[in-house]
Amino acid sequence: MYIETEATPNPATLKFLPGRQVMPAGTREFTSPEAAEVSPLAEALFGLGDVTGVLFGEHFVAVTAAPGVEWGDLKPQVVSVLLDHFVSQAPLFAGGDASGFAVPPEEEHDYGDDPADADIVAQIKDLIETRVRPAVANDGGDIVYRGFREGVVYLGMQGACSGCPSSTATLKHGIESLLKHYVPEVTEVRAA
């Protein structure tokens with residue numbers, strides 16, 4: 001088995017491609033060793049000591065290194081953990097699969113929507129799902145809809161996008177421009 005790696009716009013995050021499916025659908029982000037306890041793979045990656053974030057995507061694992069850690073030292077350790085996991089065909093989550101895991105948890109950081117805006121929200125969600133998420137996933141991250149209130153769209157950045165130096169530009173100039181173009185009711189996009 002060979003695991004490819006790709007750089008992301010966030011220098012602290014590398015994207016690892018095992019050449020097989022990681023998540024059956026969606027993404028799952030871990031930002032602490034405690035959160036990673038539900039996944040033997042995420043737990044093993046945090047166990048390396050120099051990892052501050054892990055994101056599982058459909059066909060990738062994005063790993064974020066702690067500040068000051070050199071990827072030259074950490075990368076072989078991450079590849080070793082990934083190889084051990086995928087070669088042994090170990091389950092991704094304790095309990096065997098990803099069913100029952102909502103990513104992100106639905107109740108977390110929900111800004112809500114006005115029921116009168118249902119058509120606008122549907123347009124926003126469709127654009128995020130079809131245009132934004134695929135592009136962001138290419139960079140080892142994910143973006144999650146959190147709500148729409150009074151013209152403002154609230155989005156959560158995950159994986160390589162979280163803490164990336166260019167994430168503000170992506171959010172403000174890329175995503176905000178796209179949404180404003182197709183949905184005139186959108187006046188602003190904010191990170192949530």
Side-chain angles (χ1 to χ4, degrees), residues 1-110 129 132-146 155-165 167 191-192:
M1 176 177 196
Y2 178 72
I3 297 180
E4 291 182 59
T5 59
E6 288 182 4
T8 71
N10 183 347
T13 304
L14 277 182
K15 184 176 168 183
F16 295 84
L17 302 135
R20 60 179 62 177
Q21 185 181 56
V22 177
M23 285 282 290
T27 60
R28 178 65 156 102
E29 182 177 46
F30 304 93
T31 56
S32 71
E34 295 76 27
E37 290 174 356
V38 299
S39 168
L41 177 56
E43 193 171 33
L45 290 167
F46 273 97
L48 296 173
D50 292 327
V51 172
T52 60
V54 174
L55 174 75
F56 297 151
E58 187 176 1
H59 292 97
F60 69 88
V61 177
V63 178
T64 303
V69 173
E70 294 294 323
W71 270 112
D73 299 329
L74 183 59
K75 183 177 168 182
Q77 296 173 50
V78 171
V79 168
S80 177
V81 167
L82 294 173
L83 281 171
D84 288 347
H85 173 81
F86 288 109
V87 168
S88 71
Q89 298 181 8
L92 191 59
F93 294 98
D97 65 20
S99 63
F101 286 103
V103 183
E106 280 109 11
E107 70 279 355
E108 188 177 306
H109 307 294
D110 184 8
E129 200 61 38
V132 178
R133 286 186 84 202
V136 172
N138 282 338
D139 288 337
D142 196 15
I143 194 155
V144 180
Y145 174 83
R146 302 275 195 216
L155 300 174
M157 308 284 273
Q158 297 180 328
C161 297
S162 179
C164 174
S167 66

Is there side-chain contact between V81 and L48, with at least one heavy-atom pair below 4.5 Å? yes

Measuring from atom NE2 of H85 to atom CG of L41, what distance do you get when rounded to the nearest 0.5 angstrom? 4.5 Å

If I compare all heavy atoms of S88 with all of D84, which pair ends up nearest, and what's the gap? OG-O, 2.9 Å

Heavy-atom pair with the smallest gap, counting every atom of L92 and F56: CD1-CE1, 3.5 Å

Indicate the atoms forming the closest heavy-atom contact of P76 with G72, along with that distance. CD-O, 3.5 Å

Donor-acceptor contact present, side-chain R28 to main-chain M23, <3.5 Å: no

How close do K75 and F16 get, heavy atom to heavy atom, and via which atoms? CG-CE2, 4.2 Å

Heavy-atom pair of closest approach, residues I3 and P18: CG1-CA, 4.1 Å

Check whether any side-chain heavy atom of V78 lies under 4.5 Å from a side-chain heavy atom of V61, and answer yes or no. no

Approximate separation, where rounding is to 0.5 Å, of T64 OG1 and E29 CD: 7.5 Å

Of the non-hydrogen atoms in W71 and V63, which two are nearest, and what is the gap between them? CZ2-O, 3.3 Å

Calculate, to the nearest 0.5 Å, the distance between atoms CZ and OG1 belonging to F30 and T52 respectively. 14.0 Å

Say you draw a straight line from CD1 of I143 to OG1 of T27; how long is it, rounded to the nearest 0.5 Å? 11.0 Å

Between atom CD of E43 and atom CZ of F93, what is the distance when rounded to the nearest 0.5 Å? 12.5 Å

Quick one: pull up OG1 in T31 and CZ in F46 and give me the separation to the nearest 0.5 Å. 6.5 Å

